[in-house]
Amino acid sequence: MRIGVPREIKPDEYRVGLTPGAVREYVAAGHGVAVETGAGEGIGASDDSYRKAGATIVGTAREVFSSSEMIVKVKEPQPVEWVQLRVDQILFTYLHLAADPEQTKGLIKSGCTAIAYETVTDEHGGLPLLAPMSEVAGRLSIEAAGAALQRHNGGRGLLIGGVPGVQPARIVVIGGGVVGTQAARMAVGLGAEVTILDRSLPRLQQLDELFEGRVRTRFSTLEAVEDEVFAADVVIGAVLVPGARAPKLVRRDMLGSMRKGSVMVDVAIDQGGCFETSHPTTHADPTYVVDGVIHYCVTNMPGAVPLTSSQALNHATLPFGLALASRGMAAVIGSPHLQAGLNVYRGRLTNKAVAESLDLAFSPVGNIAA
């Protein structure tokens with residue numbers, strides 16, 4: 001199969017769909033790979049490093065899209081990209097369609113086959129292609145919060161870990177999944193006082209055992225969320241409903257009771273955000289203030305550390321990508337995990353959670369033909 005890797009064009013996005021090491025694996029498996037010139041600059045990978053791995057370097061994204069049977073990206077296609085997609089072409093990337101009706105309609109209109117990293121599953125019911133970026137984003141959320149808390153950035157002037165004799169920051173993590181766990185790990189490591197809220201008692205038990213009493217765990221109710229958020233210096237929004245829009249767990253009317261200069265980091269912003277006052281921001285302009293509370297809502301947080309992120313993502317996506325390259329749609333039909341990742345197929349929306357979030361017609365995967 002002919003694989004195409006365009007340069008990412010979303011603002012402040014420096015990751016790349018395939019690293020030179022991943023390209024070498026595709027080439028060794030008998031596939032051709034076309035990489036847009038400069039696609040690897042963000043991770044320090046030159047065009048020459050891709051040539052040595054066996055790729056062909058092309059001058060424009062248009063050449064990549066027009067010559068490839070499968071497009072491998074990182075972030076969702078932008079309008080100028082989705083209009084270049086076509087029938088019989090596979091798109092393999094993050095999509096986050098539930099919060100993006102325009103992209104969804106664009107992909108449906110293109111007739112392409114779009115497989116979303118974030119809804120591909122594994123035999124344990126996990127999300128293996130979302131997990132590595134969730135790990136990165138969870139850890140970065142604490143770094144972002146620490147910077148936003150600094151007085152010159154508008155924060156309370158608080159050091160996350162405090163110093164001997166001085167109270168550390170109080171950090172509340174809403175959601176005990178991969179993002180929440182990694183955020184808590186970083187916060188605990190810095191010496192913060194950490195509480196994790198979740199609605200799964202088994203998960204809270206796991207977290208209690210994992211952190212050996214170094215974090216407080218609390219069952220998430222409306223009352224518990226209010227209690228913790230009002231007393232917090234930092235709130236990390238880490239709630240995920242696979243494929244669907246994130247629930248709004250912190251309301252606008254709650255902000256008036258929060259500490260002035262406190263920070264909310266919405267890691268769920270790709271799925272619409274779990275704070276009512278969240279809206280997408282960029283690395284160039286990451287924060288804004290509502291009712292005295294700083295909001296950090298960057299939609300591509302792992303893009304800040306593209307070398308780490310690209311390598312971690314490629315390690316996870318490679319087996320699935322190679323299967324798609326070798327067998328095409330037959331790989332999807334034969335794998336319940338890739339079926340879960342199939343969001344759009346030849347003009348039809350095949351992910352139920354996305355369809356319900358956007359109030360669009362849903363076409364079950366069982367209705368498609370190999």
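All values derive from a computational prediction rather than experimental measurement.
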Quiz prompt | Verdict with reasoning, Ile43 to Thr19, per side chain to side chain contact (heavy atoms under 4.5 Å, CB included) | solution = CA-CA 9 Å; Ile43 65 167; Thr19 62; 4.1 Å; yes
Is there a path of hydrophobic side-chain contacts, each under 4.5 Å between heavy atoms, that joins [X] and [Y]?
| X | Y | result |
| --- | --- | --- |
| Val354 | Tyr345 | no |
| Phe275 | Val179 | no |
| Val265 | Val289 | yes |

Show the atom names and distances, to 0.1 Å, of all donor-acceptor pairs under 3.5 Å that link a side chain in residues 136-146 to residues at least two apart or in another chain.
from, atom 1, to, atom 2, distance (Å)
Arg139, NE, Gln182, OE1, 2.7
Arg139, NH2, Gln182, OE1, 2.9
Ser141, OG, Gly138, O, 2.6

Would you call [X] and [Y] a salt bridge, using N to O less than 4.0 angstrom?
| X | Y | result |
| --- | --- | --- |
| Asp291 | Lys260 | no |
| Glu193 | Arg170 | yes |
| Arg15 | Glu8 | no |
| Arg245 | Asp100 | no |
| Asp88 | Arg346 | yes |
| Arg2 | Glu69 | yes |

Exercise. Under the side chain to side chain contact (heavy atoms under 4.5 Å, CB included) rule, what do Leu91 and Thr113 come out as? Steps first, then yes or no, please.
Key: CA-CA 6 Å; Leu91 172 66; Thr113 296; over 6 Å; no
Quiz item: Thr181 and Arg203: side-chain donor and acceptor closer than 3.5 Å?
Solution: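 The answer is yes; a qualifying pair exists.
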Quiz item: Side chains of Thr217 and Asp198: is there a donor and an acceptor less than 3.5 Å apart?
Solution: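 There is no such pair between these side chains.
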Exercise. With side chain to side chain contact (heavy atoms under 4.5 Å, CB included) as the test, would you mind laying out the steps for Ile57 and Tyr50 before giving the verdict?
Key: CA-CA 8 Å; Ile57 302 299; Tyr50 278 101; 3.8 Å; yes
Quick check on [X]: does its [atom1] atom have over 12 non-hydrogen neighbours (other residues, nucleotides or ligands) under 6.0 Å away?
| X | atom1 | result |
| --- | --- | --- |
| Glu223 | CD | no |
| Asp253 | CG | yes |
| Arg24 | CZ | no |
| Arg62 | CZ | no |
| Leu201 | CG | yes |

Which distance, rounded to the nearest 0.5 Å, do you find between the [atom1] of [X] and the [atom2] of [Y]?
| X | Y | atom1 | atom2 | result |
| --- | --- | --- | --- | --- |
| Lys105 | Leu360 | NZ | CG | 6.5 Å |
| Met264 | Cys274 | CE | SG | 8.5 Å |
| Ile115 | Thr317 | CD1 | OG1 | 12.0 Å |
| Asn343 | Leu95 | CG | CG | 5.5 Å |
| Lys109 | Leu107 | NZ | CG | 12.5 Å |
| Asn153 | Ile294 | CG | CD1 | 7.5 Å |

Practice problem: Kindly write out the residues that satisfy salt bridge (Lys or Arg N to Asp or Glu O under 4.0 Å) with Asp208, not counting sequence neighbours, or none if the list is empty. | Solution: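 Result, salt bridge (Lys or Arg N to Asp or Glu O under 4.0 Å) vs Asp208: none returned.
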Test your reading of the model: is there a side-chain donor-acceptor pair from [X] to the backbone of [Y], 3.5 Å cut-off?
| X | Y | result |
| --- | --- | --- |
| Gln89 | Phe65 | yes |
| Glu276 | Arg252 | yes |
| Gln271 | Ala98 | no |
| Ser68 | Met70 | no |

Residues two or more places apart in sequence or in another chain: which of them pass ring-ring contact (aromatic ring centres under 6.0 Å, His included) with [X]?
| X | answer |
| --- | --- |
| Tyr117 | Phe92, Tyr94 |
| His315 | none |
| Phe230 | none |

Self-check item: Evaluation steps, side chain to side chain contact (heavy atoms under 4.5 Å, CB included), between Ile174 and Ile236
Solution: CA-CA 6 Å; Ile174 306 178; Ile236 305 295; over 6 Å; no
Exercise. Please report the C-alpha distance between Arg251 and Glu226 in whole Å, then the side-chain angles of each, then the deciding distance to 0.1 Å, and finally whether the salt bridge (Lys or Arg N to Asp or Glu O under 4.0 Å) criterion is met.
Key: CA-CA 10 Å; Arg251 306 182 310 275; Glu226 289 180 351; 3.1 Å; yes
Exercise. Please name the residue in the list Thr287, Thr281, Thr277 that meets the side-chain hydrogen bond (donor to acceptor under 3.5 Å, both in side chains) test with His295.
Key: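 The passing option is Thr277.
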Donor-acceptor pairs under 3.5 angstrom involving side-chain atoms of residues 299-308: please list them, not counting sequence neighbours.
from, atom 1, to, atom 2, distance (Å)
Thr299, OG1, Lys10, NZ, 3.1
Asn300, ND2, Asp12, O, 3.3
Asn300, ND2, Glu13, OE1, 2.9

Exercise. Could you please spell out the steps behind the salt bridge (Lys or Arg N to Asp or Glu O under 4.0 Å) verdict for Asp270 and Lys75?
Key: CA-CA 10 Å; Asp270 272 334; Lys75 290 304 291 178; 3.4 Å; yes
Exercise. For residues Phe320 and His337, establish whether the separation of their ring centroids is below 6.0 Å.
Key: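 Not close enough - the centres of the two rings lie 6.0 Å or further apart.
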Quiz item: Quick one: does Thr119's side chain get under 4.5 Å of Leu127's, heavy atoms only?
Solution: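 Thr119 vs Leu127: side chains apart.
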